[in-house]
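In this chain, residues are counted from 1 in sequence order. This is a predicted model, so every value here is computed, not measured.
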Amino acid sequence: KVVQRARSLFTKIATKIERSISYNQYHNELEKTISDLTEDYSKTDAALVKYYLLYLQVEWLQNNNKIKDARKTLFELENWVLNNKSVYTNARHGEVIMNLSYAELSLGNLNAALRIILACEKLFERNSVPYNIGKEIEFICRFHLNEIELAQKKKKKIHKTSNYNNVPLK
């Protein structure tokens, strides 16, 4: 029952995050959900509840410009996903790696961000929205690493697939 409640809380806030244009639209609800999940995890030690909790903690940390703490939590989350069969899916693993790449990018660690995002590629279905977001991160890395020719190729591919998926290049 606690796991079902945690799933419901996570789905509700994840939907709100996805539909929001600003952190201000959901920050209070995010903090409440993190508090509720912390309590739920202390009662159950359920692997899925901890996954939801860590994932949302990363969201909070990133939005509060605590990128190094977010990166540390992402490493913990990746380890958790990889070592808990009840939690692991390619999509979850990919989301964690994508966020880790974004954290490295935010910290200016372009080579690390690129290496991580390239490892993430195989976890998503080609031309899916997460796959294309990964390609956008790759483009940004390559552009700032002055790999202009490769960046231009990525940009063309992104435009082609993002138009197919109706996802704008950010």
Side-chain angles (χ1 to χ4, degrees), residues 1-109 112-138 140 165 167 170:
K1 198 165 191 171
V2 174
V3 174
Q4 289 173 339
R5 174 181 124 90
R7 181 179 291 122
S8 176
L9 288 170
F10 179 80
T11 301
K12 182 179 176 188
I13 189 64
T15 301
K16 188 161 190 171
I17 291 167
E18 188 176 300
R19 293 182 179 165
S20 297
I21 58 172
S22 165
Y23 177 59
N24 292 331
Q25 292 180 298
Y26 64 86
H27 77 302
N28 289 333
E29 189 173 338
L30 176 62
E31 289 175 3
K32 171 83 169 92
T33 303
I34 289 171
S35 176
D36 290 346
L37 290 175
T38 299
E39 184 179 322
D40 288 352
Y41 183 65
S42 71
K43 291 177 186 174
T44 65
D45 281 340
L48 195 55
V49 175
K50 184 169 182 178
Y51 166 79
Y52 294 144
L53 176 59
L54 291 172
Y55 194 93
L56 293 178
Q57 286 173 339
V58 168
E59 177 74 19
W60 187 91
L61 289 164
Q62 287 176 331
N63 278 290
N64 285 281
N65 295 316
K66 297 176 183 271
I67 305 302
K68 288 181 180 179
D69 292 334
R71 180 176 60 181
K72 181 180 174 188
T73 304
L74 283 160
F75 281 122
E76 180 183 355
L77 182 55
E78 181 182 24
N79 186 50
W80 192 255
V81 169
L82 290 173
N83 292 300
N84 286 279
K85 289 181 182 181
S86 64
V87 173
Y88 186 87
T89 65
N90 281 350
R92 286 182 181 148
H93 187 200
E95 290 282 333
V96 172
I97 293 175
M98 188 181 305
N99 276 290
L100 185 56
S101 178
Y102 183 75
E104 293 292 357
L105 180 63
S106 297
L107 291 168
N109 302 330
L114 181 59
R115 184 178 26 68
I116 292 166
I117 204 64
L118 291 174
C120 175
E121 186 175 298
K122 67 183 180 289
L123 297 170
F124 294 117
E125 185 178 320
R126 274 183 85 69
N127 299 328
S128 66
V129 171
Y131 180 89
N132 289 332
I133 292 170
K135 290 299 171 193
E136 288 180 21
I137 294 170
E138 180 184 352
I140 293 166
N165 284 318
V167 177
K170 294 180 181 179

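The CG atom of Asp69 lies 11.0 Å from the CG atom of Leu74; values are rounded to the nearest 0.5 Å. Atom CG in Leu61 sits 14.0 Å away from atom NZ in Lys68 (nearest 0.5 Å). The CG atom of Leu123 sits 12.0 Å away from the OH atom of Tyr131 when rounded to the nearest 0.5 Å. Atom CZ in Arg5 sits 10.5 Å away from atom OG1 in Thr44 (nearest 0.5 Å). Atom CG of Leu77 is separated from atom CG of Leu82 by 9.5 Å, given to the nearest 0.5 angstrom. Of the inter-residue distances, the one linking Glu138 atom CD with Cys120 atom SG reads 10.5 Å to the nearest 0.5 angstrom.
Pairing each heavy atom of Ala46 with each of Val3, the nearest pair is CB-CG2, 3.6 Å. Ala47 approaches Asn84 most closely through the heavy-atom pair CB-OD1, 3.7 Å. The minimum heavy-atom distance linking Tyr102 with Ile137 is given by the pair CB-CD1, 4.5 Å. Contact between Leu37 and Leu56 at its shortest, heavy atoms only, is CD1-CD1, 3.6 Å. The shortest non-hydrogen separation linking Thr73 to Val58 is CG2-CG2, 3.6 Å. The minimum heavy-atom distance linking Leu53 with Tyr41 is given by the pair CD2-CB, 4.4 Å.
Within the structure, every pair that satisfies the side-chain hydrogen bond (donor to acceptor under 3.5 Å, both in side chains) test and touches residues 115-124, not counting sequence neighbours, is listed here: Glu121-Lys135. Judged as a ring-ring contact (aromatic ring centres under 6.0 Å, His included), not a single pair has a partner in residues 57-87 (not counting sequence neighbours).
At least one side-chain heavy atom of Gln57 sits under 4.5 Å from a side-chain heavy atom of Leu54. Residues Tyr52 and Thr33 fail the side-chain proximity criterion, which asks for heavy atoms closer than 4.5 Å. With a 4.5 Å cut-off on side-chain heavy atoms, Asn90 and Phe124 do not count as touching. Using a 4.5 Å heavy-atom threshold, the side chains of Leu105 and Ile117 count as separate. The shortest distance between side-chain heavy atoms of Lys16 and Leu30 does not fall below 4.5 Å.
With respect to the salt-bridge test (charged N to carboxylate O, under 4.0 angstrom), the residues Lys72 and Glu76 do not qualify.
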List, one per line, each side-chain donor-acceptor pair under 3.5 Å for residues 91-101, sequence neighbours excluded.
{"residue": "Arg92", "atom": "NH1", "partner": "Val87", "partner atom": "O", "Å": "2.8"}
{"residue": "His93", "atom": "ND1", "partner": "Tyr88", "partner atom": "OH", "Å": "3.3"}
{"residue": "His93", "atom": "NE2", "partner": "Glu78", "partner atom": "OE2", "Å": "3.4"}
{"residue": "Glu95", "atom": "OE1", "partner": "Tyr55", "partner atom": "OH", "Å": "3.4"}
{"residue": "Asn99", "atom": "ND2", "partner": "Glu95", "partner atom": "O", "Å": "2.9"}
{"residue": "Ser101", "atom": "OG", "partner": "Ala113", "partner atom": "O", "Å": "2.7"}

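Between the side chain of Thr11 and the backbone N or O of Ser8 there is no donor-acceptor pair closer than 3.5 Å. Side-chain N or O atoms of Gln25 include one that pairs as donor or acceptor with a backbone N or O of Ser22 at under 3.5 Å.
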Taking it one step at a time, do Glu59 and Asn63 satisfy side chain to side chain donor-acceptor pair (under 3.5 Å)?
CA-CA 6 Å; Glu59 177 74 19; Asn63 278 290; 2.9 Å; yes

